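Have a look at the structure below before the remarks.
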Amino acid sequence: MREEALRPRIILATRNQHKAVEIKKIIGDLVTVQQLNDLLNIDIPECGRTLLENSLAKAEFVYRLRGEPALADDSGLFVEALDGEPGIFSARYGKDDEGRIARLLKNLADKKNRNAAFRAVFVYCFGHGKYKAFEGECVGQISNVPKGEHGFGYDPVFIPKGYKKTFAELGPATKNRISHRARALRKFRKYLEQQM
Ligand code: ITT
């Protein structure tokens, strides 16, 4: 744990409060994470074709806006039997979490193959044209019905490999150890520690 005054400040380029909580839990002891939306209310458009393109666009946008190191997370759920859908459109697959899950389960109704993966790409932008990307993946299965109260998004229908419960049933301690976000952030931590 670094003393607060010695911790570098990073602006987090996300409007998703749930992501911010998970990110702070995993790297909050190393850096001071300031959420962009606590500074100003802005919705950054996402028009990339990959998680990396979207994440880079968000991080660069915030770096240009603030002139301070910025970190973005673009993530999604990639389902094998749906040719990778919802993928980069995970946030836009329905009007709320309930709607997105209902659409996913409906599209999978006649499918035996329930394999899926959560993927996250973090981009850390620390200068004009200067950035580093960190990827994380968590493989698993889509359940038949939503279960559990924790987490957000597709957590109630995602059963990580090696477990019998969904992320939403397992809760934050387990999720923050094995998730796509945790895996990517461990790489980012290592990178930061080397820079300090
Ligand atoms: P920002 O762009 O502001 O960061 P967002 O929610 O729009 O927030 P994305 O464009 O990266 O973020 O979309 C990611 C979507 O993928 C998210 O809204 C969820 O629906 C889903 N998702 C990503 N990580 C997840 C997780 O850990 N658990 C459940 N669902 C997740």
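Both counts, for ligands and for their atoms, begin at 1 and track the order of listing. Since this is a predicted model, take the numbers as computed values, not measurements. Values below: all heavy atoms of this structure, side chains included; hydrogens, waters and symmetry mates excluded.
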Does a side-chain N-to-carboxylate-O contact under 4.0 Å join Arg183 and Glu137? no
Does the pair Lys58/Glu46 count as a salt bridge with the N-to-O cut at 4.0 Å? yes
Phe152, portion touching ligand 1 at heavy-atom distance under 4.0 Å: both
The atoms of ligand 1 lying under 4.0 Å from a heavy atom of Asp74, numbered in the order shown, are 9 (P), 10 (O), 11 (O)
Can a salt bridge be assigned to the pair Glu22 and Arg181 using a cut-off of 4.0 Å between side-chain N and carboxylate O? yes
Which residue and non-hydrogen atom of the protein lie closest to atom 28 (N) of ligand 1, and at what distance in Å? Asp155 OD1, 2.7 Å
Within less than 4.0 angstrom of ligand 1, does Arg92 place any heavy atom? no
Quick check: closest heavy atoms across Leu65 and Leu36, and the distance to 0.1 Å? CD2-CD1, 4.4 Å
All heavy atoms of Ala72 vs all of Ala13, minimum pair found to be CB-CB, 4.0 Å
At less than 4.0 angstrom from any non-hydrogen atom of Asp73, what atoms of ligand 1 do you find? 4 (O), 11 (O)
Considering non-hydrogen atoms of the protein only, which is the closest contact for atom 16 (O) of ligand 1, and what is the distance? Ser90 CB, 3.3 Å
Give me the atom names and distance for the closest heavy-atom approach of Leu192 to Ile10. CD1-CD1, 4.4 Å
For residues Tyr131 and Tyr124, establish whether the separation of their ring centroids is below 6.0 Å. no
Where ligand 1 meets Gly153 - atom numbers and elements under 4.0 angstrom, heavy-atom basis: 29 (C), 30 (N)
Identity and separation of the nearest protein heavy atom to atom 1 (P) of ligand 1: Thr14 OG1, 3.4 Å
Selection from Lys19, Arg181, Lys58 by shortest heavy-atom distance to atom 5 (P) of ligand 1: Lys19
Any heavy atom of Glu46 under 4.0 Å from ligand 1? The part involved is side chain
In the protein, which heavy atom is nearest to atom 18 (O) of ligand 1, and how far is it? Ala91 CB, 3.6 Å
Among protein heavy atoms, which lies nearest atom 27 (O) of ligand 1, and at what distance? Lys175 NZ, 2.7 Å
Does Asp29 come within less than 4.0 Å of Arg189, counting only side-chain N to carboxylate O? yes
Residue and atom name of the nearest protein heavy atom (relative to atom 14 (C) of ligand 1), distance in Å to one decimal: Ser75 O, 3.1 Å
Between the side chains of Arg114 and Gln141, is a donor N or O closer than 3.5 angstrom to an acceptor N or O? no
The protein heavy atom nearest to atom 20 (O) of ligand 1 is Tyr154 CE1, 3.3 Å
Any idea which protein heavy atom is nearest atom 6 (O) of ligand 1, and the distance to it? Asn16 ND2, 3.0 Å
Would you tell me whether Asp73 and Ser75 have side-chain atoms, one donor and one acceptor, within less than 3.5 Å of each other? yes
